[in-house]
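Here's the structure, in structure tokens; my notes come after.
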Amino acid sequence: MERYDYIVVGAGSAGCILAERLSRGGQFQVLLLEAGGSDSSPWVSVPIGYARLHGDPGCTWQYWTEDDPGLDNRRARWPRGRLVGGSGSINAMVYCRGLPGDFEDWAAAAGPEWGWEKVKSVYDRLETRVSANGETEGDGPICVQDVSDRVHPLCRSWFEAAHELGLPVSKNCNGPLPEGATVYRINTRNGRRCSSAKAYLKPALGRSNLTLFKRSPVRRILFDGRKTVGVELVSGQKFSAQRDVILSAGAIGSPQILQVSGVGPGAVLQKAGLPIVFENANVGGHLQDHLAISYTLRTTRPTLNDALRPLLGQALAALEYAWSRKGPLSLSVNQCGGFLRSEQHLPRADQQLYFNPISYRFREAGGRVRTEIDPFSGVSLCSQPARPTSRGRIEIRSADPLQHPEIRPNSLATEEDRTSAVAGIRLLKRLLDTSAIRAVTQDTPPSGLAALADDDEMLDDFRMRASTVFHPTCTCRMGRDETTSVVDSRLKVHGLSGLRVVDASTFPNITSGNTNAPTMMLALRASDLILNDHARMRQTIPEPAE
Ligand SMILES: Cc1cc2nc3c(=O)[nH]c(=O)nc-3n(C[C@H](O)[C@H](O)[C@H](O)COP(=O)(O)OP(=O)(O)OC[C@H]3O[C@@H](n4cnc5c(N)ncnc54)[C@H](O)[C@@H]3O)c2cc1C
């Protein structure tokens, strides 16, 4: 069996950061195992490539949820990245730290080291922030770009509408005043995706003490009693870990690996015929995700639909991108929006909104899901309840690590979530009614949003059409209380030694915004904790003789 100090399972947003940090300095032998292939496709680097990637089974896990009673019994597609960089290589690159209050809740669950003041300083180390005129602040590997000078001209109407309603404007949703209408910052460098794979892993791959094995799905964790000793691949190959095995396989992959390895709810493991290594009912539980509802508004002015649907427009955009790394191909589809309160009296923003100068739909053809731009000028207006309280679960169906698990999102299970869904749509209706939006949109045919008469119709519409924005979290949640969580505040799995989970699954609760930035922050903080634990151990335990 090949021996390593640390084995990281999953080269996603979190795993790439851990691999770089743990191999820095050359002290430890680090193995990074990734089920998927490389991230060298140009579609990964070109930001608009997002539209192609998330439906491509060649580089994604195409998971499906079970029928979701809260969403009119619909099943939803939940793509996750299956390549180096993980979902961070296929995502829409909107970069949101989350609101300070989110991390006060993390601190309540997991301890003060996860409070806003602590995590803010970790974000500062993660990022280089680049202003619209190219000035930089910070020197972290992840480049966070202000694109406010490049967004579509129609985005002006978004800010005018917010102004008309007296809503705040935020220059930077990651800054000191995060609430308000804003232009989203994106993690790109010189017009290319700046994922943790590109920014952390790639420069470290030349190190002799870091090994990356691609196309190497992990079957299970190997234990000696309650001590973690290594991992086994689906191919049967085994590796031993002298220090820690760290699961970074994402909010679906990590609880699945734990469960097929005998760590999870007793009944689930028994049903799958697995011997129980450690029973913990929380593994796969507490699942949280963001749901959004989108309304297409036909416009009287050209939008990105007009620029990017015709072949000639695509060729011109490609030329502009090749020449200057600018233009629509260098941007996310999500350009404007912001964190807003649906009612003034609320203590914090309860909605994340999007105003995208493009409208499209997903269509399935030939085994892949394609994004089709609408054949008319249009924009999308979306609301996303920021802090859902419903909790779902993920459970294996069998001991087969390649069989997709059961995903039960349990959407809209709480009264709070149903109220918030309606409150978001009400806010969109108020925005639709502003003279700024009316001036650029057509009345006929009326948008679905205008037609909604009351709260019942709004909730029905949300149930029938809202969809995931691909942010599953919390399925191996962190907490001080062993009876309600999976890992402790140092990301160690309760009840077992030598095993940690570090990825979006360990959020105690979902953050208000998009989940990639908090996942990368969590991984950077976790790497500090792991290295500190090692340094502390060295002070108390002499190094074993060779
Ligand atoms: C389509 C899409 C759009 C998104 N848009 C945004 C956005 O605009 N902004 C934002 O902030 N967030 C966005 N997100 C969410 C964000 O990308 C994720 O929250 C984040 O990437 C999660 O990181 P992670 O490390 O937990 O998991 P991942 O990045 O998914 O990494 C998990 C890795 O583990 C690997 N793996 C899984 N199982 C195994 C196994 N058995 N053996 C070996 N390897 C395994 C996977 O292949 C993958 O590479 C989006 C996500 C998607 C899917």
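As the structure lists them, so they are numbered: ligands from 1, and atoms in each ligand from 1. Numbering starts at 1 and runs along the sequence shown. These numbers come from a predicted model, not from an experiment.
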Are Arg77 and Glu364 ion-paired here, with the side-chain N under 4.0 Å from a carboxylate O?
no
One finds that the ligand 1 atoms under 4.0 Å from a non-hydrogen atom of Ala14 are 25 (O)
Identity and distance of the protein heavy atom lying nearest atom 41 (N) of ligand 1:
Val218 O, 3.3 Å
Ignoring hydrogens and angles, tell me if any N or O in the side chain of His290 forms a donor-acceptor pair with the backbone of Thr511 under 3.5 Å.
yes
At what distance is the nearest protein heavy atom to atom 51 (C) of ligand 1, and which residue and atom is it?
Phe470 O, 3.4 Å
Answer side chain, backbone, both or neither: which part of Ile257 comes under 4.0 Å from ligand 1, heavy atoms only.
side chain
Taking the side chain from Asp289 and the backbone from His471, do they hold a donor-acceptor pair closer than 3.5 Å?
yes
Provide the number and element of each atom of ligand 1 under 4.0 Å from a heavy atom of Ala504.
26 (O)
Is the backbone of Asn91 close enough, under 3.5 Å, to the side chain of Arg193 for a donor and an acceptor to pair up by distance?
yes
Return the closest protein heavy atom for atom 19 (O) of ligand 1 as residue, atom name and distance.
Thr515 OG1, 2.7 Å
Is a donor on one side and an acceptor on the other found under 3.5 Å between the side chain of Ser87 and the backbone of Gly81?
yes
Among all protein heavy atoms, pick the one closest to atom 35 (C) of ligand 1 and tell me residue, atom and distance.
Glu34 OE1, 3.3 Å
How does Asn514 reach ligand 1, by side chain, by backbone, by both or by neither, if only non-hydrogen atoms under 4.0 Å count?
both
